[in-house]
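Scroll down for the structure; my scribbles are underneath it.
Just so it is clear, the model here is predicted, and its values are computed rather than measured. So that the names make sense, note that chain A is the first sequence line, chain B the second, and so on, each numbered from 1.
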Amino acid sequence: MITCRDSLELLLEYAEGHLPDDVRARLERHFGDCSPCEEFLKTYRATPELCRKALAAKMPDGFAKKLTEFLRKETGQT
Amino acid sequence: MRLDGTQRTVDGAPVTEGTDDSALLARAQAGDVSAFETLVERHRNRVYGLALRMLNSEADAAEVTQEAFLSAFRNLKEFRGDAQFGSWVHRIAANFALMRLRKRRQQGETLESTLEGDGDQPSFNERGSLVDAVSDWRDAEGDALDAELRQAIESAAASLGDEYREVFVLRDLEGLSYEEIAQLTGASVAAIKSRLHRARLSLRAAIDRFYEDRST
């Protein structure tokens, strides 16, 4: 029988659809019977998208100006 | 539009021809520097973001961004049109960032590549059953991101060991394939997957703590 520990070890492969059919089916049966693991799976899946939103960065204006000046100098435009 | 906010004009009229990346690239390869400037303007935030998340240093990220675009400019002629300019310049930037991380490691400037203890890993009882309760994440479903949550994620990402953070940035933020990451980092696909899984668990735990604290 598959345990929660086994299930969570396989989350990455499961979330990316890389598991063999029989293992995936066993895992899905476990998630169906185990609400803590099902909740854990949902939050594990949501994590990359939340991180993408949180970690999007905009180059500070001062750096952008310096980048322009640097590239113009290096490419012989000044 | 150029990097300095002005727009290229001919006899006072704005030039609008060929404004997608591939058209701009073709013009840049033919020697039109303003076309290259437009490409830089379009991609600089994401290139900078990639470098910032990998290096945890604004100054280093700015330098890597400069190096990446200069390298792209110098190698424009070698670039073939079978890839996107954005993907190409991102890989150049990732390579420069990884070189800096390696140099830091050689100089002993980085922390050991371990995660912050087992607190970020799920807990199980002796029968292998999960004992952690998951917090209520319903607030995370909207488009807007809470400023405090953003800060919690930034802090958790910054505290990942370099080897975990670089894999997480390249896979989950940049969308590179495992094979591409293996090529860039020299690590095996199995090692990359293992690091990514642990990084995701650690970040998930940070987000879960944020919602748990909020509910109390």
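Taken from CD in A:E16 to OH in B:Y178, the straight-line distance is 3.0 Å, to the nearest 0.5 Å. The CG atom of B:L149 sits 9.5 Å away from atom NZ of A:K53, with the distance rounded to the nearest 0.5 Å.
In this structure the side chain of B:E67 never reaches within 4.5 angstrom of the side chain of A:F70, judged on heavy atoms.
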Requested in this report: Show your reasoning for whether side-chain contact (heavy atoms from CB on, under 4.5 Å) applies to B:R200 and A:L12.
Outcome: CA-CA 9 Å; B:R200 281 188 188 170; A:L12 178 74; 3.2 Å; yes
**Report entry** Residue pair B:F124, A:T3: steps toward the side-chain contact (heavy atoms from CB on, under 4.5 Å) verdict
**Finding:** CA-CA 10 Å; B:F124 304 96; A:T3 65; over 6 Å; no
Query raised in the report: Going through the distances and angles, do B:T65 and A:F63 end up as a side-chain contact (heavy atoms from CB on, under 4.5 Å)?
Result: CA-CA 10 Å; B:T65 305; A:F63 285 163; over 6 Å; no
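For B:R150, there are no side-chain hydrogen bond (donor to acceptor under 3.5 Å, both in side chains) partners at least two apart in sequence or on another chain.
In this structure, no portion of B:Y211 lies under 4.5 Å from any heavy atom of chain A. When heavy atoms are compared at a cutoff of 4.5 Å, B:D208 does not approach chain A at all. In this structure, the portion of B:I207 lying under 4.5 Å from any heavy atom of chain A is its side chain and not its backbone. For a residue to count as touching a neighbouring chain, one of its non-hydrogen atoms must lie under 4.5 Å from one of that chain's; by this rule B:R127 touches chain A with the backbone only. Only the side chain of B:F73 comes within contact range of chain A, with heavy atoms under 4.5 Å apart. The contact between B:L52 and chain A is made entirely by side chain atoms (from C-beta outward), counting heavy-atom distances below 4.5 Å.
Looking at every heavy atom in both residues, A:C4 comes nearest to B:S129 through SG-CA, 3.6 Å. Residues A:M59 and B:N45 share a closest heavy-atom pair of N-OD1, 2.7 Å. The nearest pair of heavy atoms linking A:L71 to B:Q66 is CD2-O, 4.3 Å. Smallest separation of non-hydrogen atoms from B:G49 and A:A57: CA-CB, 3.8 Å. Taking each heavy atom of B:Y48 and A:K58 in turn, the nearest pair found is CE2-O, 3.9 Å.
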Side-chain donor-acceptor pairs of residues 42-51 of chain A under 3.5 Å, sequence neighbours excluded:
residue : atom : partner : partner atom : Å
A:K42   : NZ   : A:E39   : OE2          : 3.3
A:T43   : OG1  : A:E39   : O            : 3.3
A:T43   : OG1  : A:F40   : O            : 2.8
A:T43   : OG1  : B:R204  : NH1          : 2.9
A:Y44   : OH   : B:H197  : ND1          : 2.8
A:T47   : OG1  : A:T43   : O            : 2.7
A:E49   : OE1  : A:R52   : NE           : 3.1
A:E49   : OE1  : A:R52   : NH2          : 3.0

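Across A:A56, A:A15, A:P60, the residue that shares the most heavy-atom pairs under 4.5 angstrom with chain B is A:P60.
Counting heavy atoms of neighbouring residues, nucleotides and ligands inside a 6.0 Å radius, atom CD of B:Q151 does not exceed 12 of them.
Along residues 183-194 of chain B, the residues that come nearer than 4.5 angstrom to chain A, judged on non-hydrogen atoms, are B:K193 in order of number. Taking 4.5 Å as the heavy-atom cut-off, the residues of residues 20-37 of chain A that approach chain B are A:P36, A:C37, ordered by number.
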